[in-house]
Every structure is written in C-alpha cells, then in structure tokens.
Amino acid sequence: MKKDLSNIKKAKYLLDKNHCVAIPTETVYGLAANAYSDTAILKIFKLKKRPKSNPLIVHYCKAEDIKNDCELNSSFIKLYNKFCPGPLTFILKLKKNSKISKYVTNGKKTLAVRFPKNLKTEKLLKSLNYPLAAPSANIYTQISPVSKKDVKDEFGKKIKFILDGGSSRVGLESTIINLVNKAEILRLGGIEINKISKVLKKKLKYNRSKNKIQVPGQSNFHYSPGIPIRLNAKKQFSDEAFILIQKRKRFDKNYFYLTKNKNLKEAGKNLYNTLRKIKNLKFKKIAIEKIPNIGMGLAINDRLKRASKR
Ligand code: TXA
Ligand code: MG
C-alpha cells in the first residue's frame, strides 16, 4: 500500500515536470503526459514516433473534470453514467477557452475524452490539476502493451517511469464514439456496439471507410507484430505459430490459445500478449483460427485485419 502511494507520487512528480510516464488502464497501458502542456505532449509524439496529425485521447477522473475543456451533451451523460469509468472514449466539441494543448487535437475543434478504470491511474488523476493525454504506450503501428513488461519491451530505458497496475483486464483499446452531431462509432473496442445502442435507444453504425478519414491512426498497418498473419486458418503450416480459440485434442508446441472455450472476452484480453509472445519467440509467420464476428469478436477481427495488412 505504502509502495503504491509512493509510486503514484513518483508518477505525479515526473508528470508535473512535463515528463512522460506510462500508466495502466483496463484497456491497454498509455504513454501519458500533461494535456495542457505543449512541451509534455510533444515528448509523447517523439517517443512514440507518431505523426502529429493523429490526435490523442485525454484521460480524466470524473465527468465534471471535463467541463472546462469540452461541451457535455445528453448522450454523453447517459453513456457516462452507464459505462464510466470504463473502456469508452467520447468525441466532444472542444471549448474555445480550453487549456488543452493544440498538439493534442492537431488543431481540431473536437476532443477525445476517456475515464479509465484502474485504481492506481484513477488515484494519480485525482492528484493532478491537469488531465493526461495518453496514446497506447507502444511505438507507432506496433502491438499495444497490456502490462508493465510490454511497455519495457517497447521503450526500454527511453521512458522514465512505468506505473505498474497489473495486466490490463480488457486488453483491447476503448470503443470510440463520436457525439458531435449524429452519434457514430469510430473504433470498435472494449464496449460492444449493441450495448451502447441500447443505452442511446438507437442503432449505431461502425463505418470503417469513413473512420479512415476521421481517425488517421486507425488506418491500416496497426497493431502489427511485424510478421505475416493468415486469418481464418483451418490448419497450420509447419513454420507457423497457430492461434486458437478452442481446445484441440492434439498437443503441439506451436499452439497458442486465446481461450480454450470460445470465450471472446477472454480472447480479447489475451490477443496482444499472445501476438507479442509469438513475435518474441521469433516465429516468422502466424496463422489464426476463424473468430466469430459477434460481441468482442468484432473488435478482435478488426485488430487482426489491420495487423495482417503489410
Ligand atoms: O483504450 C484506449 O483508448 C487507449 C488507452 C491508453 O486509453 N488509448 C488509445 O490511444 O488507444 P491511441 O492514441 O492509440 O488511439 C486513439 C485514437 C486514434 O486513432 C486517434 O486518431 C483517435 O483516437 N482520436 C483522437 N482524437 C480524436 C478526435 N478528436 N476525433 C476523432 N478521433 C480521434
Ligand atoms: Mg494505439
């Protein structure tokens, strides 16, 4: 407990000095910095090697904390009450007098906000007098990190401090919903579309091609382990690591289970660490069994499609 507190203090100390710190969230680990500081935000882009045209998500503790930065609306309040803190990101109208760094939004008039569910990160956010901009803590286009070890794997000593909050419980990035004008889903993720539709009492669509324009970072070649991935595979070739979602009778040392009983939530949680494991074992190719396109399977398939584009 004491150690936790001193780690949160250390993170705060570094963030107050405009350094980047990796923070745990329920989706993936984030590379965080003061969202009100140009100096701090530019460090994120540099460390991640991310193009500045790709805007960042800003993390807050509670709904009332966003009031100075963006405009709330009734859909936001309904979804916030149901799902937050949790894996949902809202695109809202940026307020003119907001202190958010222009590098966070790439000069856009909208802001992505999120309320992560992780005790340490929530405590850290509470202790700060600014929100934290944080993209996933990986080098641009690489696999997102779901533990302290993964962040180390990505950045080595280049990052000053990683706040350890255990392994991420959801394991896939947040769902992004645009609430400026008509509600639409911009990224599939930790909360299923039909659950959001139920709260808003309307059908929501996920439009990937539209999304490409609005969310540049969501275009192809993301989440990549850097080796070819063959989707919907029934069998494996001898040089492939084979990713499975249901138990096979035969034992093979090149089998990697996301789940043994088609539990798609469990599969989502294990996706990135399995891809990273296979990459680190130096396999040259990956085959993956068909994942049903329902529930969390939608988000998993979305990530796999992007990861398999080379
Ligand atoms: O689960 C998550 O959302 C994780 C954790 C760390 O919170 N963060 C994350 O950030 O996935 P990142 O930077 O890897 O992805 C954020 C996405 C990008 O594709 C970006 O283009 C989009 O959000 N985005 C940010 N601001 C936006 C805006 N104003 N309008 C539309 N899309 C935006
Ligand atoms: Mg990312």
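Counting starts at 1 for both ligands and their atoms, following the listed order. Since the structure is predicted, the reported quantities are computational estimates derived from the model, not experimental observations.
- Atom NZ of Lys279 has more than 12 neighbouring heavy atoms from other residues, nucleotides or ligands inside a 6.0 Å radius.
- Side-chain N/O atoms of Glu266 and Tyr257 include no donor and acceptor closer than 3.5 Å.
- In the candidate list Lys48, Arg50, Glu26, Glu173, Arg50 is nearest to atom 12 (P) of ligand 1, counting heavy atoms.
- Counted within 6.0 Å of NZ on Lys95, heavy atoms from surrounding residues, nucleotides or ligands total more than 12; the atom is thus considered enclosed.
- When only interatomic distances are considered, the shortest N/O to N/O separation between Asn54 and ligand 1 falls below 3.5 Å.
- Residue-environment remark: NZ (Lys62) exceeds the threshold of 12 foreign heavy atoms within 6.0 Å.
- Around atom OH of Tyr255, more than 12 heavy atoms belonging to other residues, nucleotides or ligands sit under 6.0 Å away.
- The Mg ion (ligand 2) has an N, O or S atom of Ser136 under 2.8 Å away, backbone or side chain.
- Contact between Ala134 and Ile23 at its shortest, heavy atoms only, is CB-CD1, 4.5 Å.
- Listed by number with element, the atoms of ligand 1 under 4.0 angstrom from any heavy atom of Pro135 are 10 (O), 12 (P), 13 (O).
- Sorted by first and then second residue, the pairs that involve residues 30-40 and meet side chain to side chain donor-acceptor pair (under 3.5 Å), not counting sequence neighbours, are Asn18-Ser37, Tyr36-Asp69, Asp38-Ser101, Asp38-Lys102.
- For atom 15 (O) of ligand 1, the nearest non-hydrogen atom from the set His59, Lys109, Arg187 comes from Arg187.
- Shown in contact with Ile91 at under 4.0 Å from a heavy atom are these atoms of ligand 1, numbered in order with element: 27 (C), 28 (C), 30 (N), 31 (C), 32 (N), 33 (C).
- Close contacts between ligand 1 and Ala112 involve ligand atoms 25 (C), 26 (N), 27 (C) [criterion: under 4.0 Å to a heavy atom].
- The Thr27 neighbourhood of ligand 1 comprises atoms 1 (O), 2 (C), 4 (C), 5 (C), with distances under 4.0 Å to a heavy atom of that residue.
- Among residue pairs with one or both ends in residues 114-136, those qualifying as ring pair (Phe, Tyr, Trp, His ring centres under 6.0 Å) are Tyr80-Phe115; sequence neighbours excluded.
- Ligand 1 lies out of reach of Thr105, whose nearest heavy atom is not under 4.0 Å from it.
- Heavy-atom proximity to Lys108, at under 4.0 Å, picks out these atoms of ligand 1: 29 (N).
- Short contacts between ligand 1 and Ile176, defined as distances under 4.0 Å to a heavy atom of the residue, involve ligand atoms 17 (C), 23 (O).
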